[in-house]
Amino acid sequence: MQRPLIGITAYNYIRPNTNGWRYDVCYGKNAAVIEEAGGLPVLIPSMVSLDTLRQTYERLDGVLLPGGGDIEPTRYNTEPNTKLFDVSAERDEMEISLAQWAIEDDLPVFGICRGIQVLNVAMGGSLVQDIPTQLETNLRHSITSPEEEARHKILHDVTVEPDSRLAEILGDTTVPVNSLHHQSLQSVAERAKITAHAPDGIVEGIELPDKHFVLAVQWHPEDLVANDARMNNLFTAFVQAAQARMQA
């Protein structure tokens, strides 16, 4: 059976100790879990023209918006905070364009970490630029450092709305999750349904009920699939939605 083509957005990487050598890269597990779920992963570079991006998009059956750095605050009409890092205007333009096109065309979209933030901004929502300095919470939302803690380290539970697509996919309304973010959703886009919260109220999931599959989570399920079958379900459901779109 022909497998659906899943576009995974890449991000900028400047190789250290070079004169600005620039690469487009992707966290390897994102492609691995898409393949395992039955999809054909393909990376989408950030520095291509809008016309090239559009022609690439038109060949896709689904779009995965993965984790990464911060979105430029002017995208949601806010002055920048001093805690911003890894901002990329090219990536913002690419991912927001892809998100808007996919929502308009009802193409399956799955957002992870930064991906939930991109979806929210693409639909007119805004972000908390730095949780530790802007919100009162005793909950830890990011590992201390990659050297000290693993990406799959569980930091807190998430409560999932029982009537949501997310709960249907996970088969549960409480799941333990990892966490690697310092930003979060602030004002949630009007058309989005909030589907999950952390114990401190931070939004951990959104979806568009009027679309076949537009769903995003704040944690990193690609790092949890080895130990939690519920996280596998997210990628399987996404690829299945892309397969249905391809066949249609």
Side-chain angles (χ1 to χ4, degrees), residues 1-11 13 23-46 56-57 59-68 94-95 98-99 102 106-119 143 146 149-155 158 160 164-181 195-196 204-207 211-248:
M1 178 184 295
Q2 186 177 356
R3 293 184 287 167
L5 189 64
I6 307 297
I8 304 174
T9 55
Y11 62 90
Y13 171 72
Y23 297 79
D24 275 311
V25 300
C26 171
Y27 180 50
K29 284 190 178 179
N30 289 317
V33 293
I34 290 299
E35 181 189 19
E36 181 68 22
L40 287 174
V42 59
L43 300 190
I44 305 174
S46 59
T56 302
Y57 161 79
R59 301 186 186 191
L60 301 176
D61 303 302
V63 174
L64 176 64
L65 301 172
M94 170 188 63
E95 291 189 331
L98 287 171
D106 202 5
L107 189 80
V109 184
F110 184 30
I112 295 173
C113 196
R114 171 188 160 99
I116 191 175
Q117 297 164 14
V118 168
L119 270 176
I143 59 173
E149 296 179 308
R151 284 176 62 102
H152 62 264
K153 180 181 177 67
I154 300 299
L155 291 190
V158 161
V160 183
S164 65
R165 179 77 183 278
L166 181 60
E168 177 187 349
I169 292 170
L170 293 172
D172 213 333
T173 55
T174 302
V175 291
V177 301
N178 57 351
S179 199
L180 291 91
H181 64 107
T195 58
E204 293 277 342
I206 60 171
E207 60 190 52
K211 300 297 180 181
H212 285 98
F213 194 103
V214 176
L215 184 150
V217 297
Q218 186 60 74
W219 68 93
H220 283 263
E222 76 275 19
D223 292 308
L224 302 178
V225 294
N227 300 311
D228 191 336
R230 292 170 295 189
M231 301 304 159
N232 272 306
N233 294 346
L234 286 167
F235 296 100
T236 299
F238 170 51
V239 171
Q240 287 176 344
Q243 180 85 45
R245 168 65 183 239
M246 179 188 72
Q247 293 172 342

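The residues of the chain are indexed from 1 along the displayed sequence.
The two residues Leu234 and Phe110 have their closest heavy-atom pair at CB-CZ, 3.9 Å. Heavy atoms only, all atoms of each residue included: Asp106 and Phe213 are closest at OD1-N, 4.5 Å. Nearest heavy atoms, Pro176 versus Arg230: CD-NH2, 3.4 Å. Taking every heavy atom of both residues into account, Val239 and Gly39 meet most closely at CG1-N, 3.6 Å. Contact between Thr173 and Ala167 at its shortest, heavy atoms only, is CG2-CB, 4.5 Å. The minimum heavy-atom distance linking Thr195 with Ser164 is given by the pair CG2-CB, 3.7 Å.
Both tests pass for Arg151 against the ring of Tyr27: distance under 6.0 Å to the centre and angle within 45° of the axis.
Looking at Tyr11 and Asp24, their side chains never come closer than 4.5 Å, going by heavy atoms from C-beta outward. Between Cys113 and Gln218 the shortest side-chain heavy-atom distance falls below 4.5 Å. For the pair Ile6/Leu40, no side-chain contact is recorded, criterion being any heavy-atom separation below 4.5 Å from C-beta on. Annotation: side chain of Ile8 is not in contact with side chain of Val42 (no heavy-atom distance under 4.5 Å). Residues Leu155 and Val177 form no side-chain contact, since every pair of their non-hydrogen atoms from C-beta on lies 4.5 Å or further apart. Glu204 has its side chain within reach of His181: a pair of non-hydrogen atoms, C-beta onward, lies under 4.5 Å apart. Here the side chains of Leu224 and Trp219 are in contact, with some heavy-atom distance below 4.5 Å. Between Val158 and Thr174, every side-chain heavy-atom pair lies at or beyond the 4.5 Å cut-off.
Distance CD1/Ile34 to CZ/Phe235: 6.0 Å, rounded to 0.5 Å. To the nearest 0.5 Å, atom NZ of residue Lys29 and atom CD1 of residue Ile112 are 12.0 Å apart. The distance from the CG atom of Leu60 to the CZ atom of Arg245 is 10.5 Å, given to the nearest 0.5 Å. In this structure, Ile154 CD1 and Ile143 CD1 are separated by 12.0 Å, a value rounded to the nearest 0.5 Å.
Atom CD of Gln247 has more than 12 neighbouring heavy atoms from other residues, nucleotides or ligands inside a 6.0 Å radius. Other residues, nucleotides and ligands contribute only 12 or fewer heavy atoms inside 6.0 Å of the CD atom of Glu36.
With hydrogens and angles ignored, the 3.5 Å screen pairs no side-chain donor or acceptor of Glu95 with any backbone N or O of Ala10. Side-chain atoms of Asn232 come within 3.5 Å of backbone N or O of Val225 as a donor-acceptor pair. Using modelled atom types, no side-chain atom of Glu35 and backbone atom of Pro41 make a donor-acceptor pair closer than 3.5 Å. Under the 3.5 Å distance criterion, the side-chain polar atoms of Arg165 are left unmatched by any main-chain donor or acceptor of Val214. Listed for the Thr236 side chain is no donor-acceptor partner under 3.5 Å among the backbone atoms of Ala37.
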Under the criterion side chain to side chain contact (heavy atoms under 4.5 Å, CB included), I'd like the reasoning laid out for Tyr57 against Leu107: C-alpha separation, chi angles, the key distance, then a yes or no.
CA-CA 10 Å; Tyr57 161 79; Leu107 189 80; 3.4 Å; yes
Check against side chain to side chain contact (heavy atoms under 4.5 Å, CB included), Asp61 and Gln243
CA-CA 7 Å; Asp61 303 302; Gln243 180 85 45; over 6 Å; no
Decide yes or no on side chain to side chain contact (heavy atoms under 4.5 Å, CB included) for Val217 and Ile116, but give the supporting numbers first.
CA-CA 6 Å; Val217 297; Ile116 191 175; 5.6 Å; no
As a quick check of understanding, evaluate side-chain hydrogen bond (donor to acceptor under 3.5 Å, both in side chains) for Asn178 and His220, giving each step before the final call.
CA-CA 6 Å; Asn178 57 351; His220 283 263; 5.8 Å; no
For a side chain to side chain contact (heavy atoms under 4.5 Å, CB included) check, start with the C-alpha distance between Thr9 and Val118, then their side-chain angles and the critical distance, and finish with the verdict.
CA-CA 12 Å; Thr9 55; Val118 168; over 6 Å; no
